[in-house]
Amino acid sequence: TLIALLVVVGCTSQSQKETNIDSGGQTTQSQKQQKVTIRVGEIYTEKGDNWIELHGNYWPGTSEKAIVLAHMMEGTKESWDNLPELLNEKGLHVLAIDLRGHGKSTKRLIFDEEHKLDYREFTDEEHQKYVYDIERVIIWLHNQKNLSYDNIFVGGASIGANAALQYMSLHEETSRGFMLSPGLDYKGLKADEFMEQLTDKQWVYLVAAQDDEYSAQSVSALEQVGNS
């Protein structure tokens, strides 16, 4: 089932209240928001360790439901302005992440040698790996916060919307998601193909600005695919 909306929306950067959390899971709380560090693609060999370090802002919820937010191209976890707080006020656990190569998620270890990731240098194939970041942080929410997979939803903007939709197409237990300014094809992330793979039990909310012609046309096309 699909609900599509066309509205004027915007995401802006804003400094946020911070809490620190280290990779060992210990927190030093100064405000409700917590900083989290999660490793994706961990492989340990005799030649050395391999992983990418993801950074996120996490707001603990009071319900058993959560949402993961994936930002736009050139964006960061802070690009959501006050949306995470608004969702958190409804009881949701909220985790906004820096996708690989963005914000603070730039550290990659290859056989114990540190490399810096920069999305501006990514090939299309590398952009298509954002879905693994979403998958990994959802596993973290499940394991660390004891949340059921079918109670964890996804939301994204621009290429983050396409990656979130791709995640839903691979995980039918994810029943809800919203996509701001998705495109039919961002760096090889083909939203129409992902939409075709959704089940009747998955709902997607599509949003595009009226003056964003490409996203508006994409939302219209995706609505037709989702309702076919």
Side-chain angles (χ1 to χ4, degrees), residues 11-44 49-61 66-88 92-110 112-122 126-145 147 152-164 166-167 177 180 187 189:
C11 291
T12 57
S13 296
Q14 176 177 305
S15 61
Q16 306 216 0
K17 301 175 183 178
E18 295 185 358
T19 299
N20 295 321
I21 181 168
D22 63 24
S23 58
Q26 297 180 345
T27 62
T28 305
Q29 181 141 352
S30 58
Q31 297 290 345
K32 191 171 186 180
Q33 182 200 110
Q34 301 174 2
K35 295 292 186 181
V36 300
T37 302
I38 303 166
R39 292 176 179 176
V40 61
E42 292 179 281
I43 301 176
Y44 301 98
D49 299 343
N50 301 265
W51 41 259
I52 294 172
E53 187 175 82
L54 301 178
H55 289 255
N57 293 336
Y58 170 67
W59 290 260
I67 188 165
V68 169
L69 302 177
H71 57 73
M72 68 190 79
M73 185 75 76
E74 302 181 6
T76 67
K77 58 188 179 299
E78 284 78 29
S79 298
W80 292 101
D81 199 6
N82 66 340
L83 178 61
E85 287 92 343
L86 293 174
L87 293 170
N88 184 243
L92 289 171
H93 298 257
V94 181
L95 179 53
I97 63 171
D98 283 338
L99 296 169
R100 63 182 65 195
H102 294 76
K104 293 185 177 180
S105 297
T106 58
K107 182 178 178 180
R108 180 173 191 174
L109 207 67
I110 301 178
D112 289 335
E113 182 177 334
E114 188 172 328
H115 298 262
K116 186 174 182 178
L117 293 172
D118 187 337
Y119 72 90
R120 291 168 294 189
E121 300 174 357
F122 281 4
E126 289 173 305
H127 284 293
Q128 292 163 24
K129 294 180 180 179
Y130 294 140
V131 66
Y132 300 131
D133 301 343
I134 297 173
E135 183 176 58
R136 178 65 185 90
V137 299
I138 287 178
I139 292 173
W140 181 86
L141 283 170
H142 172 74
N143 292 340
Q144 299 298 320
K145 305 303 174 181
L147 297 171
I152 303 175
F153 312 135
V154 293
S158 182
I159 197 167
N162 285 43
Q166 182 183 19
Y167 178 84
L180 307 181
K187 304 295 184 179
L189 291 167

Is it the case that the side chain of [X] and the backbone of [Y] share a donor-acceptor pair, with hydrogens and angles ignored and the cut-off at 3.5 Å?
X	Y	result
Gln128	Lys187	yes
His142	Leu147	yes
Arg136	Gly41	no
Asp98	Lys77	yes

- Message: Taking the side chain as everything from C-beta on, heavy atoms only, tell me whether Tyr167 gets closer than 4.5 Å to Val68.
- Response: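 A side-chain contact under 4.5 Å is absent here.
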
- Would Leu189 and Val131 satisfy side chain to side chain contact (heavy atoms under 4.5 Å, CB included), going step by step from the backbone distance to the final call? CA-CA 10 Å; Leu189 291 167; Val131 66; over 6 Å; no

- Message: As a test of understanding, state which of Val94, Leu87, Ile67 forms a side chain to side chain contact (heavy atoms under 4.5 Å, CB included) with Trp59.
- Response: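 Looking at Val94, Leu87, Ile67, the match for Trp59 under the side chain to side chain contact (heavy atoms under 4.5 Å, CB included) is Val94.
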
- Please indicate whether Phe122 has more than 12 foreign heavy atoms, meaning atoms of other residues, nucleotides or ligands, lying under 6.0 Å from its CZ.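 Atom CZ in Phe122 is packed in, count exceeds 12.
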
- Message: Other residues, nucleotides and ligands only: do more than 12 of their heavy atoms fall within 6.0 Å of CD on Glu126?
- Response: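 Yes - once you tally the heavy atoms of other residues, nucleotides and ligands closer than 6.0 Å, there are more than 12.
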
Can you tell me how far the [atom1] atom of [X] sits from the [atom2] atom of [Y], to the nearest 0.5 Å?
X	Y	atom1	atom2	result
Ile110	Ile43	CD1	CD1	10.5 Å
Glu78	His71	CD	NE2	9.0 Å
Ile139	Tyr132	CD1	OH	12.0 Å
Glu114	Thr106	CD	OG1	8.0 Å
Asp112	Asn50	CG	CG	8.0 Å
Leu180	Leu69	CG	CG	9.0 Å

Give me the atom names and distance for the closest heavy-atom approach of [X] to [Y].
X	Y	answer
Ala70	Trp80	O-CZ2, 3.3 Å
Ile52	Arg108	CG1-CG, 3.8 Å
Leu141	Ala66	CD1-CB, 4.3 Å
Leu99	Tyr130	CB-CD2, 3.9 Å
Ile38	Leu95	CD1-CD2, 4.3 Å
Ile159	Met73	CD1-CE, 3.5 Å

- Item | Any donor-acceptor N or O pair under 3.5 Å, side chains His127, Tyr119 |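 Note: His127 and Tyr119 side chains miss the donor-acceptor criterion.
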
- Go through Arg100 and Asp133 one step at a time and tell me if the salt bridge (charged side-chain N to carboxylate O under 4.0 Å, His left out) criterion holds. CA-CA 7 Å; Arg100 63 182 65 195; Asp133 301 343; 2.8 Å; yes

- Which word best sums up how the rings of Tyr58 and His93 line up, parallel for under 30°, tilted for 30 to 60°, or perpendicular for over 60°?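 Geometry flag for His93 against Tyr58: parallel rings.
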
